[in-house]
Amino acid sequence: MEITGGDNNSCDQQPNEEMIDETTKRLKRLGAEPAVIGEVTRVVSVGPLEKILNLGRANSFWPLGFGLACCAIEGLMTSNTARFDLSRFGYEVMRASPRQADLMLVCGTVTKKAAPFVVRLYEQMPDPKYVIAMGSCAISGGPFVDSYNVVPGVDQLIPVDVYLPGCPPRPDATIHAFMKLKEKILNLEVVKK
Amino acid sequence: MGTGLNPSYFIGLSAALFAIGMYGALSKKNIISVLISIELMLCAVNINLVAFNKFLTPDAFLGQIFAIFIITVAAAEVGLGLALIIAISRRRETNNLDDLDWLRW
Amino acid sequence: MFGKGLLKGLKITIGRFFGKKSTVQYPEERLPLPDRFYGKPDFHYDKCIACNLCVNACPNKVIKLGTETVEKKKVVTGYHFDQQYCLFCGLCEEACPTDAIKFTKDFELTTYDRDTIGIEFVKQGQIDKKIKEVKQAAAEKAAAAEKAAAEKAAAETKSQTEEADKAETTNKEGGA
Amino acid sequence: MENVYELIAFILLGGMVLGSALLVVTLKNLVHSVLSLIVTFIAVAGIFLLLNADFLAAVQVLVYAGGVCIMVVFAVMLVQRTDMEESNPVNWRFGFATLLGGGIFILIGLFAARSQWMLTGTEVPKDTVGTFAPILLTEFVIPFEVAAILLTVALTGALLLVKEVKANGDGS
Amino acid sequence: MSEWVGVALFIVAGLAFGIVGIGVSFLVHPRSKNRYKLETYECGIPAEGSAWGRFRTQYFTFALIFVIFDVEVIYLFPWAVSFVQLGLAGLIKMFIFIFILVLGLWYAWKEGALEWK
Amino acid sequence: MKTQEMLINVGPQHPSTHGVFRVVLTLDGETVVKANSVPGYLHRGIEKILESRTYPQVLPYTDRLDYLAGLLMNWGYVNAMEELMDTEVPERAEHIRVIMGELQRIASHLVATAAYSGDVGGLTGFIYCFRDREDIMDMIEMVSGARLTPSYMRIGGVAADLPDGFLEKCQKFIDYLPTAIEEYNGLITGNEIFQHRTKKVAPITAERAINMSLSGPILRASGVNYDLRKARPYSIYDRFEFDVPLGSNGDCFDRFYLRVLEMTESARIIRQALDKLPDGPINAKVPKIIKPAVGEAYAEIESSKGIMGVYVVSDGSTKPYRIHFRRPSFINLGHFDELIQGWKIADVIAILGSFDIVLGEVDC
Amino acid sequence: MENIFVNAAGGIRNLLESAGLPSLVVDISIMTTIFVAILVFVLLNVLWLVYMERKVSAYIQCRIGPNRVGPMGIFQTIADTVKLISKEIIIPKNTNKKLFLLAPVMIFMPPMAVFAVTPFGKGMVALDLNIGVYYFVALASLSTVVIWMAGWTSNNKYSLLGSMRVVAQMVSYEVPLLLSIVGVVLLTGTMNLTGIITAQQSVWMIFLQPVAFLIYLIAAVAETNRTPFDLVEGESEIITGPFTEYSGMGFAFFFLAEYANVLLVSMLASILFLGGWLAPFGLTFIPSWIWLLLKVYLVIFLLMWFRWTYPRTRIDQMMAFCWKVLVPLAIVNIFVTGIGKYLYESVRW
Ligand code: SF4
Ligand code: SF4
Ligand code: SF4
């Protein structure tokens, strides 16, 4: 017997240019082009006002109740339960419809079959919207990075604000990610550093 | 009782509403719209009755009681009418009044 | 009777309403984590013997171990731990003979940037130091070895031709 | 003073009634028609208020706006097969209907304008409900019971008509 | 009369509240365009089939029964208000009235019109 | 009247499909006339990936199959490997496996109970179940270092011995469990609204269940007494005393309640295992580099969702030639399309919930 | 304390009249003041209710609930509202833009119109209508139409299905609601809300009409679409029902209106059955409006308690329950009440 395929001896797994190109092409065939990020315009845009609004936004993320894999159990379910209680920060209002959600918690493996709807859901969310890539899978494809059906990182498809490594990250870590995102919204400078 | 509003105003309004209802009832193709127009006409009648009640027989309440009966009848009528329409449309793929020219179904 | 279950449910919930809450208020209070918890990895440069066992044990090729052979000795010149691919399974820790790779209890790994997720543990300074150390050690060792060899040789020669080569021995010693 | 405000209220409400009624008969989409029918009914309820018929106004809102219109809407959803747009077309009698409607309006309007009203000058009692209930249950007791029968008959009849066809009707 | 002006004021104000809320939101909210944003949401995949399906008659049936009972209630309230005045005769008349309607309900029940299919 | 049929998508993004599962329903009014389930949104190609991993490296991936019962998945795999390599597992390790496996089973059933309660709208029941699951998660984290994906078992034993304080904690939990279960029974099971919603909904007959190759609680809810732990005891299950709860109607309620009953039985097993826990090594003698001889093995365990089978083919190298998993939820789901026909939309959710699927396992 | 609001209104009136304004202007400005006061009251209550619901649910679930935004997290709903204002309002294509926006704009009209006639305390009623109860229910029933409109214009399957369901549900439960009120009206002999309250001076209606109270409570839960009858928001079946397509402020209005309606039905419940502002046990030193508020919040807590205890019913069971249990029960209740009242009256004669 001889082993064929799945040769994974190359140590280099970060998706290089070629891999990304290949992925994009394949995704396109599946109808999942990366999200189009339209230009965000405002009718009224005043600095101080925007600050107040940001205060509101940062204190009330309504996540899209949308779990992909293992991480969803920790990120979406357990972090809402009695011990961790995301609701202390007011982040517990899971919305089933993307129209009312502010935050997409990508928790789990994004497969190529799932990619089109992830993009679609993201685009259907109203501005301003945020994305947390939770777990190795969402960040980079994680354990399944060399699989034929896994998108190597959801940032290939949609812009990600905060990355939360772990497999799966603890629920506390999820809360930490939320707080990091809050920091980011309140103070963009923090991020640039 | 002041003289500001006399029954003519209300009768005028009711006549206009009645006319609109009549126009709708006669000119519509869809049976449901015809039914709606009839409702408008009944409403016009009600306005009349209540106006008479106020200006002519305030203490006998004839107008208002009549209006209540009319509302009752109208509700029954709409219910039956719509049921009929549903029954018809179930058999014939139409709700166009002009197509309902068969006598038997 | 219908409604008994409904009332019982109400009783349970009102009991809980006034009961103890089980929330651990995370940022201020923290749950005690077990010693075996797999959080952020930690690497002890000095302990590592560059044996490559962790690299081979890892199912997802997370660890990149860079080595350089200095004076016939492997020196770790890079230990890149790309956390974004890690399964946090602990196989590497288990494989390591010297406990050089260890997981800490730090789970707050959130970053704003994907590029900063991977950790390069080995700093240039450490490598320089290590290489220097190795070189020094090698030199010392070489010296020691030489010395030992010399001594040995000396001893040998001494025993063999103690008297015959007396003059030569003195010469060599003078040279060293 | 009071009268002026009543007049203003009348004009506003009357405008609402007529405007929305016109929309009812002109809108292309049947559901939109029904929605503006609701507005008409509410405005008519306002007119009733002007006429000191507060109970009737509430009835108008509860039964017509909240009940009958919902029923009509459901019927529309049941019956309408094709697209909802263009679901409310006019037919060939269009001209005739306009004429007749206009004629009636002018006729009644003329009569109404020329009438000499013999106003009694008494006020409608404040407590409308308490006053007319006894009348309803004594003088009008027969129509009252007939109303019950009518409602029951309408209910049973309508249910009979819309009863789902068993067996063959439903499949595929 | 003037009390009704108050009601009108309240209604108008309720409307104004809504308009102001939406209006302010329209002024301050950011907006952007992209491919799918305006598409109908359907669990994240392209919408299939039309939403304009026709429905079962059950919806209509319930609305119908509701209207009938709604009308019944019109009579009940005045009766209840002047109950003392009407006395036994009123009571009996109303019971007959309700009884006839209950017959209708019973019929609907028997016909299975109260089942939700 | 011929009502127009309406296509409705339930999923992939839908709050109660337990992940990214999609069912396309053809509705007549609110009744399902045709259902077409579309799995595969989480297909990660695990089986293919595993061909390029060495035998010990396979283990962490099994966690990600049924991520609610990671330890049981581990167990399935190591069982197959031990069969392939003819390894004798030390007593203590077997006992630890039983304890951890049963704890994991309780955890998994708790999630099922919670999710089911959530599906029918009782969010409080959901939270209560998760609250008690935390205790188990703590214990699992204590022994393995991770909550959800423990990768704790090893070919020939377990990764590490039980830490200090584990036994007391476990004992305490087992003592507490009956109180918790009583609470669930009061809040969820005993609630008349809940019973009305689930009783007599979508019953599966015993015959049909066997024909559709169902397994696990779903099968037993239909009254078929087939639990691998009793029927063909693996590991050391023949030494424990426990009952196999059986349902009678095979409806949603039975499927749900059976899991609650099974928790009690699992607790019984744990209690016995704790009592009997022997001292000794926790690992068999396995070579450092695992290189089984050419051959193949198939082993089954009773996971929380049903029978979990692992088929390993070795070509004599350090990497498996082929690994295949018999995933219980996937096979159970085969009956779903047929079962929901004729039920209402609201029932679809209740039925799917009672199947207790895990998408990681369904799509593999 | 007791008359603080009444006196304030009187003071303003005096002030304006002394300024020599015509009486109608005075009337309207008083009305506006009252209106603003009521609006503020309602809004504050609604915001508070959202917060309270989250807190109550958290406490029932052994959690803590919002506690970060402001002291004890009381600014949580304000933060939510600010965020919702700043969210984009998406108007999907294939919808009628005007109607789509009109629905959320109009959703606050029925509750506002009803608050106009609600007594908030002794002598604290903007408009004391003769047919108060009937008006109350009639206008409140208009929300149905608005919700239906929202679902219909969204042009989305879940919305349409959801709105059809919610209308069928709300419409059905209106019947037992009305019938249960008839019992109370029968006993008090008036439809005026103040009259009903004063008629309960000796004994609260809940003791005379326990069945009616139960029916009313159940119907009220159904009318406000809360668990166990929350099929509109039956997340696990039809996403968010009629509101699936609404985002930002559009959704916020529906969200807030739900709580306004909760406030309404609880208000009516405490007026009809719990004696309104009447103080029990002669505890009259506490102002009447506080009593009313207390009772209202008692009922609201009851509703929340139900919500976080019970699972959701299925629509067919719910409809059957309404028509086969509640309506017959309510009718029997009217019969019994009628006979009882007649006997009582004739004995007293
Ligand atoms: S990161 Fe790990 S836990 Fe999360 S989805 Fe991927 S495999 Fe599962
Ligand atoms: S924890 Fe597992 S995946 Fe991560 S580096 Fe170690 S062996 Fe590799
Ligand atoms: S196994 Fe340990 S000693 Fe060997 S290379 Fe890895 S870290 Fe270094």
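Protein chains get the first letters and strands the later ones, always in sequence-line order, with residue 1 at the start of each.
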Would you mind checking which part of D:Val72 comes under 4.5 Å of any heavy atom in chain B, side chain (CB onward), backbone (N, CA, C, O), both or neither? both
Against chain B, work out which of D:Phe48, D:Phe144, D:Phe55, D:Phe41 has the most heavy-atom pairs shorter than 4.5 Å and name it. D:Phe48
Taking every non-hydrogen atom, the tightest pair across B:Cys43 and D:Gln60: SG-NE2, 3.3 Å
Please report the C-alpha distance between B:Ile36 and D:Val34 in whole Å, then the side-chain angles of each, then the deciding distance to 0.1 Å, and finally whether the side-chain contact (heavy atoms from CB on, under 4.5 Å) criterion is met. CA-CA 8 Å; B:Ile36 292 175; D:Val34 181; 3.7 Å; yes
Give, as side chain, backbone, both or neither, the part of D:Leu22 having an atom under 4.5 angstrom from any heavy atom of chain B. both
Closest-packed option against chain D by number of heavy-atom pairs under 4.5 Å, given B:Gly12, B:Ala75, B:Ala51: B:Ala51
Looking only at heavy atoms, the pair that brings B:Thr72 and D:Ala147 closest together is CG2-CB, 4.1 Å
Which of D:Leu150, D:Leu155, D:Leu160 touches chain B most, by non-hydrogen pairs under 4.5 Å: D:Leu150
Let's go through D:Leu30 and B:Ser33 carefully: what are the C-alpha distance in whole Å and the side-chain angles of both, what is the deciding distance for side-chain contact (heavy atoms from CB on, under 4.5 Å) to 0.1 Å, and is it a yes or a no? CA-CA 7 Å; D:Leu30 192 47; B:Ser33 7; 4.0 Å; yes
Just checking D:Phe140: does its CZ atom have more than 12 heavy atoms from other residues, nucleotides or ligands closer to it than 6.0 angstrom? yes
Where do B:Leu62 and D:Ile135 land on the side-chain contact (heavy atoms from CB on, under 4.5 Å) test, with the steps shown first? CA-CA 9 Å; B:Leu62 288 180; D:Ile135 309 177; 5.8 Å; no
Is there a side-chain contact (heavy atoms from CB on, under 4.5 Å) between B:Ile71 and D:Leu56? Walk through the geometry before answering. CA-CA 9 Å; B:Ile71 287 178; D:Leu56 260 183; 3.9 Å; yes
Least distance between heavy atoms, B:Ser37 atom then D:Val25 atom: OG-CG1, 4.1 Å
Taking side-chain contact (heavy atoms from CB on, under 4.5 Å) as the criterion, tell me which of B:Ile47, B:Leu13, B:Leu40, B:Asn46 meets it with D:Val44. B:Ile47
B:Tyr9 vs D:Phe10 aromatic rings, parallel, tilted or perpendicular, using cut-offs 30° and 60°? perpendicular
In terms of heavy-atom pairs under 4.5 Å with chain D, which of B:Leu35, B:Val73, B:Leu82 leads? B:Leu82
Can you tell me which of D:Ala21, D:Gly157, D:Cys69 forms the most heavy-atom pairs within a distance under 4.5 Å of chain B? D:Ala21
Sort B:Ile65 into side chain, backbone, both or neither according to what part of it lies under 4.5 angstrom from a heavy atom of chain D. side chain
Heavy-atom nearest pair, D:Ala158 first then B:Gly79, reads CB-O, 4.1 Å
When rounded to the nearest 0.5 angstrom, what is the spacing between NZ in B:Lys54 and CG in D:Leu50? 7.0 Å
